[in-house]
Visitor: 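This is the structure I have questions about; it appears just below.
First the proteins, then the strands, lettered A, B, ... as listed; each starts at 1.
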Amino acid sequence: DAGVTQSPTHLIKTRGQHVTLRCSPISGHKSVSWYQQVLGQGPQFIFQYYEKEERGRGNFPDRFSARQFPNYSSELNVNALLLGDSALYLCASSFLARDTGELFFGEGSRLTVL
Amino acid sequence: GDSVTQMEGPVTLSEEAFLTINCTYTATGYPSLFWYVQYPGEGLQLLLKATKADDKGSNKGFEATYRKETTSFHLEKGSVQVSDSAVYFCALSEVDTGGFKTIFGAGTRLFVKA
């Protein structure tokens, strides 16, 4: 069975550009969450989506946005990139919106902003 | 707000040594608690979890007990192996405005020497 898949795995952008990261959850999982992991730190919560609706948002600026599609895949968009946006972006899926159980993580998209 | 604090690493042990990684949390509600592990070159994966006070999570020889009175969830293993070398993250998950969010500690890197 396929796990959580993310694309691209690596990308390099320059300041001010825009980036779109993509995530496909495990089959049957309806909830997708996005996390930012800066080198040497733990993942920081950005968004949770369930059934195409935003169900949670972390302390990130409005430059960060996301959406979920009818097939439960998701995109994370970041506008006006800053050097500080360089990080590993993790997508995690789970079955239910209010399930406080296990998150299944993809291997991440590593973004470098120059 | 909610937070997780875990001991700083790196922790370096010899094979068969006893491991403890301390984790404490602050939460407004009644969270579920987790330990996730990130092996070199791999994505985050759940190691163990506990959902209520005095629950003990266990997996692969690792154990942690949900201590509400001390707001702690320390990770222990009686005899570590070289293959346990990884970064360990303590995390809590709590329901939040129709969804849930998982908050991670900064991670503790473990090196096990043969």
Visitor: Is it the case that the side chain of A:R110 and the backbone of A:H10 share a donor-acceptor pair, with hydrogens and angles ignored and the cut-off at 3.5 Å?
Guide: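 Pair absent, no side-chain N/O of A:R110 close to backbone of A:H10.
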Visitor: So what's closer than 4.5 Å to chain A heavy atoms on B:Q6: side chain, backbone, both or neither?
Guide: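 Neither part.
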Visitor: Look only at the side chain of A:Y49 and the backbone of A:A66, and say whether a donor-acceptor pair between them is shorter than 3.5 Å.
Guide: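 Yes.
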Visitor: With respect to chain B, which residue among A:G40, A:G58, A:P43 yields the maximal number of heavy-atom pairs within a distance under 4.5 Å?
Guide: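 Between A:G40, A:G58, A:P43, the count favours A:P43.
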Visitor: Select, from A:F47, A:F104, A:F45, the one with the greatest count of heavy-atom pairs under 4.5 Å involving chain B.
Guide: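 Most heavy-atom pairs within the cutoff with chain B belong to A:F45.
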Visitor: State which residue, out of B:W35, B:F62, B:Y36, fulfils the ring pair (Phe, Tyr, Trp, His ring centres under 6.0 Å) condition with B:Y88.
Guide: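 Exactly one candidate clears the test, B:F62.
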Visitor: When only pairs under 4.5 Å are counted, which of A:E107, A:Q44, A:Q41, A:E53 shares the most heavy-atom pairs with chain B?
Guide: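 Most heavy-atom pairs within the cutoff with chain B belong to A:Q41.
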Visitor: Please determine which of A:S33, A:S74, A:S31 meets the side chain to side chain donor-acceptor pair (under 3.5 Å) test together with A:Q48.
Guide: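 That would be A:S31; it is the only one of A:S33, A:S74, A:S31 passing the side chain to side chain donor-acceptor pair (under 3.5 Å) with A:Q48.
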Visitor: Side chain, backbone, both or neither: which part of A:Q37 has a heavy atom under 4.5 Å from chain B?
Guide: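 Contact with chain B is through the side chain of A:Q37 alone.
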Visitor: For A:Y35, is it the side chain, the backbone, both or neither that has a heavy atom under 4.5 Å from a heavy atom of chain B?
Guide: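 The answer is the side chain of A:Y35.
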Visitor: Okay, side chain of A:Q6, backbone of A:G108: is any donor-acceptor separation there less than 3.5 Å?
Guide: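 Indeed, once roles are kept as given, a pair shorter than 3.5 Å links the two residues.
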